[in-house]
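Worksheet: one structure, shown below.
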Number of protein chains: 2
Amino acid sequence: MSFRINPNISVDCVVFGFDFRQLKVLLVERIFQSDYSLKPIFTDHTLIGNHIYEHEDLEEAARRILKDLTGIENIYLEQFIALAHPERLKKERDQIWLQHIGHNPHNRVITVGYFGLLDINAMEIRAGSRKVSWFPVNKLPALAFDHHDMLNHAVECLKTRMRVSTIAYTLLPKKFSLSQLQTLFEVIYGTNLDKRNFRKKMIRMKYLIPLNEKQSNVSHKPAQLYMFSREVYEITNRDLFENII
Amino acid sequence: MSFRINPNISVDCVVFGFDFRQLKVLLVERIFQSDYSLKPIFTDHTLIGNHIYEHEDLEEAARRILKDLTGIENIYLEQFIALAHPERLKKERDQIWLQHIGHNPHNRVITVGYFGLLDINAMEIRAGSRKVSWFPVNKLPALAFDHHDMLNHAVECLKTRMRVSTIAYTLLPKKFSLSQLQTLFEVIYGTNLDKRNFRKKMIRMKYLIPLNEKQSNVSHKPAQLYMFSREVYEITNRDLFENII
DNA sequence: CATGTCAGTGTAAAAAATACACTAAGTGTA
DNA sequence: TACACTTAGTGTATTTTTTACACTGACATG
C-alpha cells in the first residue's frame with residue numbers, strides 16, 4: 001500500500017455542529033509566513049480538507065483527513081458536490097498553498113465535498129499542528145479557495161436533506177429536549193415555529209422516545225428529555241413513503 | 001483554447017425519460033470488435049459519458065458530451081455523485097476501453113454523475129456514430145464500468161428530489177393530463193395512488209393550470225390537459241418553506 | 001422570598017387526508 | 001348503429017392534521 005498523494009483530487013469536509021443557539025462549522029486556520037520571520041503575512045481559514053492518497057476512496061480520505069486534523073471519528077458524512085472549474089484555485093495565495101503540497105499548477109484539482117454532522121458537545125476537538133475551531137455559519141471569517149461556494153452548497157444540501165430524512169438528530173446529543181429540537185429547526189430554516197404546535201406534531205412521532213430523565217442544573221424549569229429511535233423510525237416509515245407527493 | 005482531454009476526469013449523464021408507462025434511461029451501445037474482422041466480440045451498454053476537456057467545467061462537459069452523442073440540448077441536468085474508488089474501472093474490458101481513449105492505467109479516473117430529465121416525446125435522438133436508445137430502468141441490459149452503481153444512485157437521487165422540488169414536470173410534455181402525472185408518481189415511487197384523492201390534492205396546487213384543451217385521437221374519453229407554471233409555483237411557495245418539518 | 005428564565009399545557013375552527021364506486025365520452029368493430 | 005372497450009371524471013362522510021393563540025409551573029440565583 002502506497003501513501004502517494006493524488007495531486008489532482010482533494011476532499012473537503014463541511015462539518016456542522018449545533019450549540020443550541022446557532023449552526024456552526026469547523027474551520028482550520030491557514031497562516032502564511034514569510035521565509036525569514038515567523039510573522040504571518042496573512043491568515044484565513046479553510047474547510048477541513050486535503051488531497052487524497054492514491055489508495056483511498058473518497059469518503060475514506062474524508063474521514064482520514066478529518067481525523068488527522070481534528071481527532072474526530074465516526075460521524076455522519078455525506079457527499080454533496082464535486083467542484084472542478086478549470087479556473088478555480090488560481091488565485092496567487094491558493095497557488096502558493098498548492099505548491100506547498102507539491103501540486104503541479106497545470107493540473108486541474110477536482111474537489112469533492114462532504115458534509116458532516118455531529119453533536120458539538122460530545123466531540124472534543126483534538127487539534128493537531130493546526131488550529132481548528134467552530135464558527136457560526138452566518139458570521140464567517142474569510143475563506144480560502146472556493147470554500148465559500150462549497151459551504152453554501154453544503155448548507156443548501158443540509159436543508160434539503162433535513163426535510164426528507166432524520167439527520168437532524170445527529171446534530172443533537174442523545175438526550176435532548178423538545179425546545180432544543182425546535183431551535184434546531186428554527187435555526188436551519190430561518191423561521192419561527194409555534195411552540196405548542198411544534199410539540200404536538202413531534203410528540204405524535206413514535207420515534208421520539210420520552211426518557212425518565214430531566215435536564216439538571218438549569219436555572220429554570222428543567223425540560224423532559226427525549227431520544228430519537230432509529231429502529232422505531234425505520235419500522236414506522238414504510239407508511240411514510242406513501243405520503244410522498 | 002485547447003481541446004486536450006483530461007484523462008483523469010470523466011462525466012456520465014443518467015438521462016431519464018417517461019413514456020407514460022415506465023421510467024426509461026438513455027444508454028449507448030458499446031461494441032468490441034477484434035482487430036481483424038468486424039464481428040463484435042461482445043457488446044454492452046454505457047451511460048452517456050466521456051472524459052472532459054481541459055478547458056471545460058463539469059456540467060459544461062456533461063452537456064457537450066450529451067449533445068455529441070445524442071443531439072440533446074438544454075435539458076434539466078443536476079450533479080448527484082462523484083465516484084473515484086481506486087479499484088474501479090480495473091476490469092479487463094474497461095481497461096481496453098480506457099486505453100482506447102488514451103488513458104494511463106496507473107491514473108485514477110474520477111467520474112462525476114449528472115442526472116438529466118427530459119420529455120421523452122419532444123426529444124429526437126439524433127444518434128451520432130454510436131447507437132443510443134431508451135431502456136426501461138427496471139429491465140436493463142448489461143452495463144459497463146460501474147454504471148449500475150451510478151444508475152442506482154441516480155434513481156435514489158431522483159426520488160429524493162421529486163419529493164422536494166418540481167422536477168417531475170420536466171419529465172412530462174408541456175401539456176399533460178392528471179392521469180399522466182399520477183402514473184409518473186406511481187412509477188417513480190412504486191406505489192398506487194387513489195385517483196380521486198390524487199386529483200383533489202393536485203388541483204389545489206395553483207401552479208397546475210388547466211388549459212382550454214383536451215387530448216385528441218385517444219380511443220376513450222379525452223382528458224383535460226394542464227400545464228405547470230413555474231412562475232406561480234415560485235410566488236406561492238415562499239409559504240411552503242414554513243411547513244417544513 | 002422575589003425575580004428571571006424557560007417548560008409545559010388545551011381548545012376551537014379550518015384544512016387536508018382518507019376510503020370508496022359509479023357515470024361520461026370517446027374509438028373501434030361487429 | 002349499437003355494443004364493447006378504455007380511460008376520464010366526479011362527491012361525501014369521517015378522521016386526522018393544522019392553525020392560532022396566552023397563561024401557569026419549576027428551578028436557580030441573589
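Note on naming: letters A, B, ... go to the chains in the order of the sequence lines (proteins, then strands), and numbering restarts at 1 for each one. Note that the structure is a prediction, hence the values are computed from the model and not measured.
- Summarising the geometry, the separation between CE on A:Met202 and C1' on D:dT18 is reported as 14 Å, rounded to the nearest angstrom.
- Residue A:His220 places its side chain closer to D:dC27 than to any other of C:dG28, C:dA25, D:dC27.
- B:Lys201 has no side-chain polar atom (N or O) that falls below the 4.0 Å cut-off from OP1 or OP2 of C:dA16.
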Exercise. Once each nucleotide of nucleotides 9-16 of chain D is scored for protein heavy atoms under 4.0 Å, what B/S/- sequence comes out, 5' to 3'?
Worked result: BBBB----

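- The main-chain N or O of A:Glu60 is never found under 3.5 Å from a side-chain atom of A:Asp57 such that the two would form a donor-acceptor pair.
- Note: CD (A:Gln215) to P (D:dC27) measures 12 Å, nearest angstrom.
- Taking atom CD of A:Gln182 as the reference point, atom P of C:dT9 lies 14 Å away to the nearest angstrom.
- A salt bridge links B:Glu78 with B:Arg161: the closest approach of a Lys/Arg side-chain nitrogen to an acidic carboxylate oxygen falls below 4.0 angstrom.
- Aromatic ring pairs are classed by plane angle as parallel below 30°, tilted from 30° to 60° and perpendicular above 60°; the pair A:Phe20 and A:Phe18 is perpendicular.
- Rounded to whole angstrom, the span from the CG atom of A:Asn217 across to the C1' atom of D:dT29 amounts to 13 Å.
- Going from atom CG of B:Leu193 over to atom P of C:dA17 covers 13 Å, rounded to whole Å.
- At least one side-chain heavy atom of A:Ile125 sits under 4.5 Å from a side-chain heavy atom of A:Trp134.
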For this session: Could you check B:Phe135 against B:His45 for ring pair (Phe, Tyr, Trp, His ring centres under 6.0 Å), going step by step and ending with a plain yes or no?
Result: CA-CA 10 Å; B:Phe135 290 83; B:His45 290 81; 4.9 Å; yes

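- With respect to the salt-bridge test (charged N to carboxylate O, under 4.0 angstrom), the residues B:Arg63 and B:Glu73 do not qualify.
- Between A:Tyr207 and A:Tyr169, the two ring planes are perpendicular [angle over 60°; tilted spans 30° to 60°].
- An end-to-end axis angle of 10° holds for the helix from C:dC1-D:dG30 to C:dA30-D:dT1, taken from five base pairs per end and rounded to 10°.
- Using a cutoff of 4.0 Å between basic side-chain nitrogens and carboxylate oxygens, A:Arg130 and A:Glu29 are not scored as salt-bridged.
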